[in-house]
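Worksheet: the structure to be examined is printed underneath.
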Amino acid sequence: MKYLVIAAFIAILGSLGAALVFMMRGGQSDAAGAPDSPPRKNHMARALAFRVGFSILLFVVVLISYLMGWIQPTGLPLQR
């Protein structure tokens, strides 16, 4: 389970880094301004959408793992 969480965090950080790279490049085309080049797709929005998807997937996996008993909370006990 630890490895799955680590892999999810790496995927989240990777897609966030990719969005940063696409944002810093701006809307530059791959063909260095050729007038007949097709417009670039919105790569930054897609990278951020993947990041949100990975985050939601990680939350759901942790929630299901807790409900199935695969992981146990190790925090402070509740005071009543």
Side-chain angles (χ1 to χ4, degrees):
M1 194 64 187
K2 289 180 186 180
Y3 298 120
L4 181 67
V5 171
I6 290 171
F9 276 128
I10 290 172
I12 290 168
L13 291 176
S15 63
L16 190 60
L20 175 67
V21 169
F22 292 133
M23 181 181 71
M24 296 305 289
R25 280 193 208 161
Q28 300 170 355
S29 66
D30 291 332
D36 59 346
S37 65
R40 284 178 54 107
K41 296 177 184 165
N42 199 349
H43 295 290
M44 185 181 76
R46 186 172 41 187
L48 290 174
F50 280 133
R51 184 190 65 85
V52 170
F54 287 136
S55 299
I56 292 171
L57 180 67
L58 177 62
F59 177 76
V60 169
V61 166
V62 168
L63 183 65
I64 290 172
S65 298
Y66 173 71
L67 294 175
M68 297 290 288
W70 297 337
I71 58 174
Q72 299 295 323
T74 59
L76 298 173
L78 294 175
Q79 299 292 325
R80 289 186 186 215

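We're numbering straight along the sequence, starting at 1. Atoms considered below: every heavy atom in the structure, side chains included; atoms not considered: hydrogens, waters and symmetry mates.
With rounding to the nearest 0.5 Å, the separation of CZ in Arg25 from CE in Met44 is 13.0 Å. If you take CE on Met1 and CD1 on Ile6, they are separated by 11.5 Å, rounding to the nearest 0.5 Å.
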Result block: side-chain N/O donor-acceptor pairs under 3.5 angstrom for residues 59-69, not counting sequence neighbours:
unit_1	atom_1	unit_2	atom_2	d
Ser65	OG	Val61	O	2.7

Could you pull out every donor-acceptor pair under 3.5 Å between side chains of residues 8-23 and any protein atom, sequence neighbours left out?
unit_1	atom_1	unit_2	atom_2	d
Ser15	OG	Ala11	O	3.3
Ser15	OG	Ile12	O	3.0

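In the hydrophobic clustering of ILVMFWY residues, with side-chain heavy atoms under 4.5 Å counting as a link, Phe50 and Leu48 come out apart.
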